[in-house]
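In what follows, a single structure is set out as structure tokens and then discussed.
Both backbone and side-chain heavy atoms feed into the values below; hydrogens, waters and symmetry mates do not. Nothing fancy with the numbering, it's 1 onward along the sequence. All values derive from a computational prediction rather than experimental measurement.
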Amino acid sequence: MSPIQAVSSVFRHYAAFSGRARRSEYWWFWLFRGVVLVLAAAADAMVFDTSWDLRPEVNFTAATADEAFYITGVVTLALLLPTIAVEVRRLHDTDRTGWWWLLNLVPFGTVVLWLFFYTRDSREPNRFGPPTKVAAQTR
């Protein structure tokens, strides 16, 4: 799956928590999301003239912390639902229920989830649908 196909697939299934997501779909979207968030933070820095200099002798005269992350906050909220949805579908691809996503709420739970996201998908049909790789090749 190409990066453009992966990102468009995630946005086509913006809030779909059923079905399965291939490993490449998840990781390409994860990279896309990271790049977009970095660009949003850069836009915040330019628009609000924020300074990231942490030396105590430098005065922080730029925008306050409350107004320094508007763009990043909007982008984060816009990408929150598709991110959770693709993570749940990725868990389905590894034959795990979406409730495993709640591991994000405990310390080091995200590390366990990343291991699940990295594992190879189940090659047979499971309770969440047919294998995505086979389904993509038959289209």
Side-chain angles (χ1 to χ4, degrees):
M1 180 174 274
S2 74
I4 294 171
Q5 289 173 326
V7 172
S8 65
S9 174
V10 170
F11 283 120
R12 261 195 327 270
H13 304 103
Y14 191 86
F17 293 90
S18 62
R20 296 167 67 166
R22 293 170 63 180
R23 200 170 22 174
S24 60
E25 180 181 355
Y26 171 76
W27 289 110
W28 280 122
F29 182 73
W30 190 84
L31 179 65
F32 167 79
R33 183 176 165 263
V35 169
V36 168
L37 287 174
V38 166
L39 292 175
D44 276 331
M46 289 188 298
V47 169
F48 298 108
D49 192 29
T50 55
S51 172
W52 298 105
D53 197 348
L54 299 177
R55 292 177 293 171
E57 66 271 7
V58 176
N59 291 332
F60 187 69
T61 57
T64 64
D66 291 341
E67 49 188 29
F69 296 104
Y70 283 139
I71 299 170
T72 306
V74 168
V75 169
T76 300
L77 286 176
L79 294 176
L80 182 64
L81 196 56
T83 300
I84 295 171
V86 76
E87 287 177 349
V88 167
R89 289 194 313 270
R90 181 70 197 125
L91 285 167
H92 289 173
D93 200 38
T94 61
D95 203 17
R96 290 178 178 85
T97 181
W99 290 105
W100 280 95
W101 187 87
L102 294 175
L103 278 177
N104 279 314
L105 304 177
V106 298
F108 302 106
T110 304
V111 175
V112 174
L113 283 176
W114 277 30
L115 293 173
F116 290 164
F117 297 151
Y118 184 72
T119 60
R120 182 168 270 188
D121 56 345
S122 60
R123 303 223 178 242
E124 303 84 32
N126 63 20
R127 58 191 162 158
F128 303 107
T132 52
K133 200 171 244 184
V134 173
Q137 291 171 353
T138 59
R139 290 182 191 169

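A pairwise comparison of heavy atoms in Trp28 and Val7 identifies O-CG2, 4.3 Å as the closest pair. The minimum heavy-atom distance linking Leu91 with Gly98 is given by the pair CD1-O, 4.2 Å. Ser24 and Ala6 get closest at one heavy-atom pair: O-CB, 4.1 Å. The heavy-atom pair separating Arg23 from Phe117 by the smallest distance is CG-O, 3.6 Å. When all heavy atoms of Ser8 and Gln5 are compared, the pair lying nearest together is OG-O, 3.0 Å. In this structure, Arg22 and Met1 approach most closely via the heavy-atom pair NH2-N, 4.0 Å.
In the hydrophobic clustering of ILVMFWY residues, with side-chain heavy atoms under 4.5 Å counting as a link, Trp27 and Ile4 come out apart. No continuous path of ILVMFWY side-chain contacts below 4.5 Å connects Leu31 to Leu79, so the two sit in separate hydrophobic clusters. Residues Leu39 and Met46 do not share a hydrophobic cluster, defined by chaining ILVMFWY side chains whose heavy atoms lie under 4.5 Å apart. Residue Val47 is not grouped with residue Val74 when hydrophobic side chains (ILVMFWY) are merged at heavy-atom distances under 4.5 angstrom, including chains of intermediate members. Both Val75 and Tyr14 belong to a single network of hydrophobic side chains, linked directly or stepwise wherever heavy atoms of I, L, V, M, F, W or Y lie under 4.5 Å apart.
Pairs of residues two or more places apart, or lying in two chains, never qualify as salt bridge (Lys or Arg N to Asp or Glu O under 4.0 Å) while including a residue from residues 28-40. Sorted by first and then second residue, the salt bridge (Lys or Arg N to Asp or Glu O under 4.0 Å) pairs with a member in residues 94-105 read Asp95-Arg127; sequence neighbours excluded.
A perpendicular orientation is assigned to the rings of Phe116 and Trp100, their planes being inclined by more than 60° (bins at 30° and 60°).
One distance of note links CG of Leu77 with OG1 of Thr72; it measures 11.0 Å at 0.5 Å rounding. Interatomic distance, CZ of Phe108 versus CH2 of Trp114, reported as 14.0 Å (0.5 Å rounding).
Around OH of Tyr118, the count of heavy atoms belonging to other residues, nucleotides or ligands within 6.0 Å does not exceed 12. No more than 12 heavy atoms of other residues, nucleotides or ligands sit less than 6.0 Å from atom CH2 of Trp30. The 12-atom threshold is exceeded at CG of Leu105, counting heavy atoms of other residues, nucleotides or ligands nearer than 6.0 Å.
Side chain of Asp44 to main chain of Ile71: a donor-acceptor pair is present (N/O by atom type, distance under 3.5 Å, no hydrogens or angles).
Contact check for Val86 versus Glu25: side-chain heavy atoms found under the 4.5 Å cut-off. Trp101 is not listed as a side-chain neighbour of Phe17, based on a closest heavy-atom distance of 4.5 Å or more.
Paired with Leu80 under the rule side-chain contact (heavy atoms from CB on, under 4.5 Å), one option of Thr83, Ile84, Thr76 passes, and it is Ile84.
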